[in-house]
A.B. asks: 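Just dropping this structure here.
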Amino acid sequence: MALLSTTANGAGVGRLNVGAPVLLIAVLAMVVLPLPPMLLDMLFTFNIVLALVVVLAATYARRPLDFTAFPTILLLATLMRLALNVASTRVVLLEGHTGTQAAGKVIEAFGDFVVGGNYAVGIVVFAILVIVNFVVVTKGAGRISEVSARFTLDAMPGKQMAIDADLNAGMITQDEAQERRLDVVKEADFYGSMDGASKFVRGDAVAGLLIMFINVVGGFAIGMVQHNMAFGAAVQNYTLLTIGDGLVAQIPSLILSTAAAITVTRVSSDQDMGGQILSQLFGNPRALAVASVIIGIIGLIPGMPNVAFLALATIGGVAAYVISQRNVVAVEEEEKTTAAAVQETPQEQKELSWDDLTPVDTIGLEVGYRLIPMVDKNQGGQLMSRIKGVRKKLTQELGFLIPPVHIRDNLNLSPNAYQITLKGVTAGESEVHMERDMAINPGQVFGTLQGVEGKDPAFGLDAVWIDPGQRDQAQTMGYTVVDVSTVVATHISQLLQSRASELLGREEAQQLLDNLAKSAPKLVEDLTPNLLSIGVILKVLQNLLDEGISIRDMRTIAETLADNAPRSQDPAVLTAMVRIALGRSIVQNINGMARELPVIVLDPELEQMLQSSMHESMSDAGTAQATEGSIGLEPGLAERMLQALTQSVERQELAGQPAVLAVAAPLRGMLAKFLRHTVSALHVLAYTEIPDDMQIKVVASVGK
């Protein structure tokens, strides 16, 4: 037993998983070596027990991926059964002339007791088993395996994008996303393996039929020619032995084929197959009641088996009544729970005070009345937990605590509409359908879907609102399918991320400094209020958030501000200095761990013209305004520059590389603000922000 056991992670020291090799060696031994009848009895019995264990394991599995070893078990069981056929054939042909007990008690029992010792009946029973196994079960399971494998592989891109959407919406963590991606890969591997394993089962059914024919013909020849048996005796002995051998092999084969069919037709659920059948088949008593009435009417017809029909009709009617009463009780309990939850205690009128003046919510979500179940946990709403995940994800990414989202219903909105507000001002709105899922077109899909046309509110992509039953079909076509809570949560996440600077105020900035003071008290003491006011520090942090830069590294930000504060109090200049200090982090977020950074550059003549324009603006409007983005550029030149940059960005996106514009440090702030809303996918970096050990590859040059 120690040799066959392994540790939990499969890497136990001194323990070898030799079960499969031993079984393969045993299969080869059964083919080559003669086996005594007693050992054949043990092996045939083990084969039947193994088939029963496999079919029960397939029945109790909650989803196909809980039984991923099934294709391998199916193959090994099939090989063992064929090897037993070869071993039993040897014994039948060598010792069949001595009587029906020559090949052991199991074969004799199946050949004598099961078919009553009548070889004609045995042939018919065996033929029926082969037809059922080969034509019905095996062929159907093989077809389902083939279709499931093809559709599972086609649906992989859509499922991967759905996982990415859930991750971006904050619904799942990185570890959960990785686990779900592994499940997608395992599912594809499993159905692919089942498609191949089903071919072995089908071949096994054909082999059983051929082995029976060979055994009968060979037995006649050997018994009558070599042992001088009479024709009747030869027919009786060899046919019964062959039928017994065939039945004892075909019954486990039929059981394993049934297990394969059960596995590939299963749908993932929290219940095993028995629970699914009971809840779905008998959950609604109406079907059972109608069937009982029909059976009862048939049972009243003269000449019909009245007792059997009327008895079943009575049992079915009683069962339908019991189920309906249980459903009524369950509905009443649910209504009582809901009524207790929504009941409000009347309050006495009180004098109006300043406490009645409701402050403006930093982040608010207003929903129409049909969307209330989406935010009500008592009704199974998941949006609250999704929003909590979004806040957690953004807090970790941006570096400060995202305020809570205050949710309320708004009867002025249409029933399916919602609004997202920032500081009391509507920042985004859309309409969703509670009873449907959104299938988003990521850019390339293979087919069209029936549903309500719409747009993804977060990114404006084309989408279709579909019935939940179309989810698998939509994913197979390449759509990214998400539920309504994910749609709203993703919209909130996108808005909060793009307007993060509006969420950061003086209180949040002070909290960041207080947290930093716990680990670097001297740094914070020297920085504020001695060198910089909290207002200047806040403006620098807001500038960084506006440009999509996390402020998690507050120590580096504070040290850079402390070093440069004696030379300038201008938030724009200080922001540029902080960006240089955070350059390695900025580049890594854009380009990952690659050592080469592809960049787009400006033609020296165009760059010189922009610098001259900026100097003129500085002399006319002051340094601060110029640094903030003041630029005097001829409209035609600006349009040509934007067009050239847009084309370069598109080429980089097609190549799967980031689009980065590298410019001189004085131009970076002005160009970043100028291009922020026109070429949003373009990252504008100063040469001084690129780490010294980073290799630069110029991929395009933009001129006049």
Side-chain angles (χ1 to χ4, degrees), residues 18-33 35 39-59 61 64 67-90 92 106-107 110 126-127 129-146 148-149 189-215 242 244-265:
V18 297
V22 167
L23 181 58
L24 290 176
I25 293 174
V27 168
L28 293 176
M30 285 187 284
V31 174
V32 177
L33 302 177
L35 301 180
L39 185 55
L40 277 177
D41 289 344
M42 294 296 297
L43 291 175
F44 276 122
T45 305
F46 172 76
N47 190 25
I48 296 173
V49 172
L50 176 62
L52 292 174
V53 171
V54 171
V55 74
L56 290 175
T59 302
F67 201 8
T68 53
F70 182 71
T72 304
I73 295 175
L74 190 62
L75 172 60
L76 293 176
T78 301
L79 291 177
M80 185 181 71
R81 187 167 57 254
L82 291 175
L84 280 174
N85 277 136
V86 175
S88 61
T89 297
R90 181 189 298 110
V92 168
V106 174
I107 292 179
F110 275 83
F126 179 80
L129 281 178
V130 171
I131 291 173
V132 170
N133 189 15
F134 179 72
V135 178
V136 181
V137 181
T138 304
K139 187 174 182 180
R143 179 58 179 166
I144 294 175
S145 298
E146 180 182 352
S148 299
D189 293 342
F190 172 76
Y191 283 108
S193 300
M194 283 300 301
D195 184 25
S198 63
K199 303 298 188 296
F200 287 100
V201 178
R202 188 174 183 180
D204 176 45
V206 177
L209 189 61
L210 295 177
I211 289 173
M212 175 191 173
F213 177 75
I214 294 172
N215 280 352
T242 300
D245 183 23
L247 290 176
V248 82
Q250 281 303 310
I251 290 176
S253 176
L254 179 60
I255 294 174
L256 284 177
S257 300
T258 305
I262 290 174
T263 301
V264 297
T265 54

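Values below: every heavy atom of this structure, side chains too, minus hydrogens, waters and symmetry copies.
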A.B. asks: From T45 OG1 over to L50 CG, what is the distance, rounded to the nearest 0.5 angstrom?
C.D. replies: 12.5 Å
A.B. asks: For the CD1 atom of I73 and the OG1 atom of T78, what is their distance to the nearest 0.5 Å?
C.D. replies: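 If we round to the nearest 0.5 Å, I73:CD1 and T78:OG1 are 11.5 Å apart.
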A.B. asks: Quick check for you: to the nearest 0.5 Å, what is the distance between L56 atom CG and I255 atom CD1?
C.D. replies: 9.0 Å
